Amino acid sequence: MLIHIALLLTLIETLALSAVLMNWARQVQGARLLVIFLLGVAAWIVGNELPNWAGIETAPVAMLLLSSLPLTSAAFLHFCVIFCEVAIRPGWMRLAYAVAALATVQSLVWWPGEFKHFPPFTGVEWVVVPNIHGWISSIAWVMLAAGGMLALAVGWWHASSQRRRQIAAVAVSCGWGLMAMSGYLFAALDIPVYPWQVLAAPAYPVILVYGILRYRVFVANVWARRALASALLILLCVMVVPLTVLLPMDSRWLNAVVVAATCVALSGPVWRIAAKLVYPGGVPSAADLRQWRGQLSQGASMETLADSAAQMASQRMELNVCVQLQRGTQVLATAGAQAHAPTMWCATSGSHAGAEWQTILTGFDEASPGQRHWVELFGAMLADAATQVELAELAQQREREHQLQARLAELGSLAATVAHDVRNPLNIISMAVAMSPAETRQEVNAQIGRISRLTEDLLDYAKPWQIQPMPTDIAARMQSLARHVPGIELGAVLAQPVQALVDPVRFDQAVSNLLSNAKAAAGQRRIHVDVESSPQQLLVHVCDDGPGIPADLREQIFQPFASRSPGGTGLGLAIVARIMAAHGGTVELSTRAPWQTCFTLRFPQTATL
């Protein structure tokens, strides 16, 4: 009786698992072959049990089902080859299916055995005993099954450590199934032993689910946990049924109450065990979530947040996890094509401020369901942390802008006073040297001009001004500026119109300042100007092969009065930085071989037409 219950439970579990896997067939390579294998196992169970369920007159139907066993083994071999990505010639698989088909046809023409009474199988009325044709068919399906196990072994040998655990889990589950079904070999060999291992058959689908879900061979979700928990509860209830004979009275109602009470009492632990099987390592607790949120909230910038998140994820996953935090939808588009190394891509759904942050995972295909479940939760918390860091950075930026405007207002007031107070003395000095020698007048006028330029730049830098963007041909503006600075080399792109939305006056001012610096630095050497245009940004390069920027000046090159030119005012590059900030862009000191110095004006996407 116990064998019948065990096989019936195994049949139900196998059919349920087949339905679940068939639902996921489009998402998993080789899933349909595994479904065929499981349906073959179900056919084998029905073939052995049908005469016991419906009478010996159903033996011909049972023999038809048992004859399909070689095809089941061929599907198993094919699944193992695909799952392990074993490189074999297609002809070998055709040969395997041909052998299975021949063995099946032979069993259909000549019955592979007959149903007999075998007394050692207590409680089992009919047991199939193979004849010579049955042994031939058995040899065929055993060889095909052995080929599948060999494919698993080859795949395990060539696979990575994580992949090896996946293959080993599937191999163990298949080995368990073979061990459970081998009990019927006692009847075939006339060994008078009760097939106790058949009672372990209900655990086979459970172990197969564990082997599949434990290392994410297939998609895992809440339904997998429910199915596994239900299977475990049914198995425990079946084990409790024989113990009801110990009750003081024989009552079906009392037996049912005891079984139901046992099921209720064990439901909690079973659900926790199922969660650990489907999600190894356990589901993150509320304390874990608080700890992660606290650690992520310590990130003061996107760089520190990315480093902290990468360290936390790598420690938890026990492998090197990369974390990328960037703004823009193009990051998410790039993430879809890069799925090799485990990477968490956290980016915004748009390039505008306040766009929602989201995380895309790539390279986690071989992660276990527990790891995948954890990293998905962690990715959501990382997106929230990135939002908070962005808000903090925006607040800091607004505060810096407020302080800058306050300093500029104070500087503007001071510059206006200085300019007014300096002009009169300069006029007096200029008139006082009118009768001086030519060399003296030339030197004084040069210094007066320098002071005048300083006051003008100081007033221009300090005053509040706004840009007026309009459609502008950048190439035409650059060609016009180049005519005033002889010897400039224009890039090939500037031979054609390059349209952009900029303030032409401020654009000319920024480029003129850069050209003046390049000319002063290069002397008789070369100056090169070029443009790069793309859907994301517009780049304007002004390069020279002068002596380069000293290392101690690179950090404050765009700050006021940080001049590298003996005759400069120290405000030229600072004004360029203000012009680019007003356009929503940046200016940076870059490297473009073979030039020693290269300044790049970076206009954002909204600045291009």
Side-chain angles (χ1 to χ4, degrees), residues 446 449-450 453-454 456-457 460-461 467 472-500 502-534 537-583 585-603 607-608:
R450 181 180 178 185
R453 289 194 303 272
L454 176 60
E456 291 174 359
D457 287 349
D460 189 32
Y461 180 79
I467 63 171
T472 305
D473 184 357
I474 297 298
R477 308 296 301 186
M478 299 294 289
Q479 292 169 7
S480 176
L481 292 172
R483 285 194 291 268
H484 296 86
V485 185
I488 294 181
E489 301 176 7
L490 296 180
V493 179
L494 295 174
Q496 301 293 331
V498 179
Q499 294 294 327
V502 298
D503 185 321
V505 176
R506 291 298 181 180
F507 178 83
D508 288 355
Q509 183 182 8
V511 175
S512 296
N513 287 352
L514 295 180
L515 290 176
S516 298
N517 285 355
K519 184 178 180 181
Q524 300 299 321
R525 300 183 185 181
R526 299 166 59 197
I527 300 176
H528 180 78
V529 179
D530 202 357
V531 172
E532 292 183 55
S533 180
S534 69
Q537 59 189 353
L538 174 71
L539 305 180
V540 178
H541 305 289
V542 179
C543 308
D544 65 70
D545 59 353
I549 306 295
D552 58 344
L553 195 59
R554 287 177 174 267
E555 295 296 329
Q556 64 262 17
I557 190 68
F558 298 108
Q559 296 179 7
F561 308 111
S563 174
R564 65 177 178 132
S565 175
T569 64
L571 289 172
L573 292 179
I575 292 175
V576 172
R578 285 208 65 192
I579 293 173
M580 294 308 301
H583 280 85
T586 59
V587 57
E588 58 188 31
L589 179 62
S590 59
T591 301
R592 287 172 59 84
W595 311 104
Q596 293 290 334
T597 305
C598 189
F599 287 94
T600 298
L601 304 179
R602 189 181 302 271
F603 293 90
T608 59

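Just so you know, these numbers come straight off a predicted model, no measurement behind them.
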So which heavy atom on [X] is nearest to which on [Y], and how close?
X: Val587; Y: Met580; answer: CB-CG, 4.0 Å
X: Ile474; Y: Ala500; answer: CG1-CB, 3.7 Å
X: Ile579; Y: Arg506; answer: CD1-O, 3.5 Å
X: Thr472; Y: Val502; answer: OG1-O, 3.5 Å

Donor-acceptor contact present, side-chain [X] to main-chain [Y], <3.5 Å:
X: His541; Y: His528; answer: no
X: Ser516; Y: Ser512; answer: yes
X: Ser590; Y: Cys598; answer: yes

Side chains of [X] and [Y]: does their closest heavy-atom pair fall under 4.5 Å?
X: Met478; Y: Val540; result: yes
X: Leu589; Y: Phe599; result: yes
X: Ile527; Y: Glu489; result: no
X: Leu481; Y: Val529; result: no

**Request:** Start with the C-alpha gap between Gln499 and Asp473, add the side-chain angles, then the distance that decides, and say whether side-chain contact (heavy atoms from CB on, under 4.5 Å) holds.
**Result:** CA-CA 5 Å; Gln499 294 294 327; Asp473 184 357; 3.8 Å; yes

Less than 3.5 Å apart, which donor and acceptor atoms pair up between the side chains of residues 491-498 and the rest of the protein, not counting sequence neighbours?
none

**Asked** CZ of Arg592 to OG1 of Thr600: how many Å apart, nearest 0.5 Å?
**Response** 6.5 Å

**Item:** Identified side-chain contact (heavy atoms from CB on, under 4.5 Å) counterpart of Val542 within the set Asp530, Leu514, Ile488
**Value:** Leu514

**Message:** Can you list everything that forms a side chain to side chain contact (heavy atoms under 4.5 Å, CB included) with Asn513? Sequence neighbours excluded, please.
**Reply:** Gln509, Ile575, Val576

